There are 2 protein chains.
Amino acid sequence: MTPQPTRRNEQSRRAILAAALELLAETGYPALTVEAIAARAGVGKQTIYRWWRGKGAVILDALADDVPEVVALPDTGDLRADLRQVLRATVAEFADPRLSATTRAITIETLADEELGAQARDRLLRPQLNAVRVRLEAAREAGQVRPDAALDQVVELLFGPLYHRWLLRNGPLTDDYADGIVDLVVAAVTPSTSIRG
Amino acid sequence: MTPQPTRRNEQSRRAILAAALELLAETGYPALTVEAIAARAGVGKQTIYRWWRGKGAVILDALADDVPEVVALPDTGDLRADLRQVLRATVAEFADPRLSATTRAITIETLADEELGAQARDRLLRPQLNAVRVRLEAAREAGQVRPDAALDQVVELLFGPLYHRWLLRNGPLTDDYADGIVDLVVAAVTPSTSIRG
DNA sequence: ACAGCGAGACGAGACGTATCGTCTTGACGG
DNA sequence: CCGTCAAGACGATACGTCTCGTCTCGCTGT
């Protein structure tokens, strides 16, 4: 029933992932077809369906393969500056129309398919968010963040608005916007200023 | 070329919207078909395609018709309490599996189709967000919010994380979570506490 | 008479399955 | 060792199904 990964043809696997990325770049996600991927890769359709659930799973796999497993944030000691850099980088990615369109398409796919969403979350999203969390932990130990702050929530406080605005097209995504979010979040987590006044 | 709205059959229009909502409740969004809507409404497919771009537009129209145009938030004078109530209500909506599934499907449709997204934004999302903004303006005048806070950003700071967690299934959506977001945001916008200590 | 209407046929395109013969792999016996 | 063999993945492709969106009918109401 279930195919044995041992006997899997690595060459075909690579050809499929490569073909998928090529076609994605050429035609865009919506026009992407399992049949086209198979044809480009010189592979039977069944070979794709044997190992993946559909084109979404293939693309996700291809993207996740390209992503480094561990990401680390810069730590200059200045939390605000470091966060600004991260959020500005995210804004820049969303500003590139081609990259943005692709990311949007994949994201949509993961929203519709729960299993795909779990994969995307674990392999693409979580590493990013976790890197920010690590940076926040360092800031907390440095006394720049309230000890009682729920850092997972803080991370979402940073990225949630960005994704919200990007996905729902709810306004322009600019560096100023990113900076504003960072300022608000920093204000939210900064320890009581009663002493520093 | 373009149909004349004057000659439009109001009865058919209502039947289509009603049938769409019925079928949505019965079969769920993915299984929803233009053909099925037409059949249920006792209407030709062309009549649907003449006035709408597809099933997404029909459903969006049906939903927007049901939504009150203006929403108002409670104003008890206690900003934190009022915001908690709103976010908890949102969490409750997302917690209902049936409603959540429908909302998710519609949302996905609006993410993929720019024009549909614009309509959803203006007719469904914006009124909600704006109601919160109005409440924040009142709070600002009451001196509970820093005068320089960008209120649009604050609103997104409230809902962004919620949508983020819901759409991407990035963790459980509980009242505690909503309360935590509110606390963080209130902390972010509260005027300098140097006096209050 | 004209434009929207209900009804439904239609072509296009993508999906996912099934089947064919071929090729690779690993186990077993002489 | 090495030939044989079964299992199973492979490329290729036909197939039925589904949904879409268009097109073509008369019919109806104004």
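Throughout, protein chains are lettered first and strands after them, A, B, ... in sequence-line order, and every chain is numbered starting at 1. Please read these numbers as outputs of a predicted model, since none were measured by experiment.
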Return the value, rounded to whole Å, for the distance between atom [atom1] of [X] and atom [atom2] of [N].
X	N	atom1	atom2	result
B/Arg53	D/dT22	CZ	C1'	16 Å
A/Ile48	D/dA12	CD1	P	12 Å
A/Gln11	C/dT24	CD	P	11 Å
B/Lys55	D/dG21	NZ	C1'	14 Å

When hydrophobic residues are tied together by side-chain contacts of less than 4.5 Å, even through go-betweens, does B/Leu129 share a cluster with B/Phe94?
yes
Footprint string (nucleotides 2-14 of chain C, 5' to 3'): B base within contact, S backbone only, - free, heavy atoms under 4.0 Å
BBSBBB-B----S
Which atoms form the tightest heavy-atom contact between B/Leu73 and B/Val132, and what is the distance?
CD2-CA, 3.8 Å
So that I can tick it off, tell me whether B/Asp61 and B/Arg123 are bridged by a salt bridge, with the cut-off set at under 4.0 angstrom between side-chain N and carboxylate O.
yes
Could you tell me which residues satisfy side chain to side chain contact (heavy atoms under 4.5 Å, CB included) with B/Ala41, sequence neighbours excluded, listed by chain and number?
B/Ala15, B/Ile16, B/Ala19, B/Val43
Among all residues two or more places apart in sequence or in another chain, which pass the side chain to side chain contact (heavy atoms under 4.5 Å, CB included) test with A/Gln11?
A/Asn9
Please list residues of residues 104-116 of chain A whose heavy atoms come under 4.0 Å from any atom in DNA chain C, ordered by number; otherwise none.
none
Hits for side-chain hydrogen bond (donor to acceptor under 3.5 Å, both in side chains) against B/Glu114, two or more places apart or cross-chain, chain-then-number order -> none
Applying salt bridge (Lys or Arg N to Asp or Glu O under 4.0 Å) as the test, list every pair that has at least one member in residues 36-45 of chain B; sequence neighbours left out.
B/Glu22-B/Arg40, B/Glu26-B/Arg40, B/Glu35-B/Lys45
Apply the test side chain to side chain donor-acceptor pair (under 3.5 Å) to residues B/Tyr163 and B/Glu156: give CA-CA distance (whole Å), side-chain angles for both, the deciding distance (0.1 Å), then the verdict.
CA-CA 10 Å; B/Tyr163 274 79; B/Glu156 288 178 291; over 6 Å; no
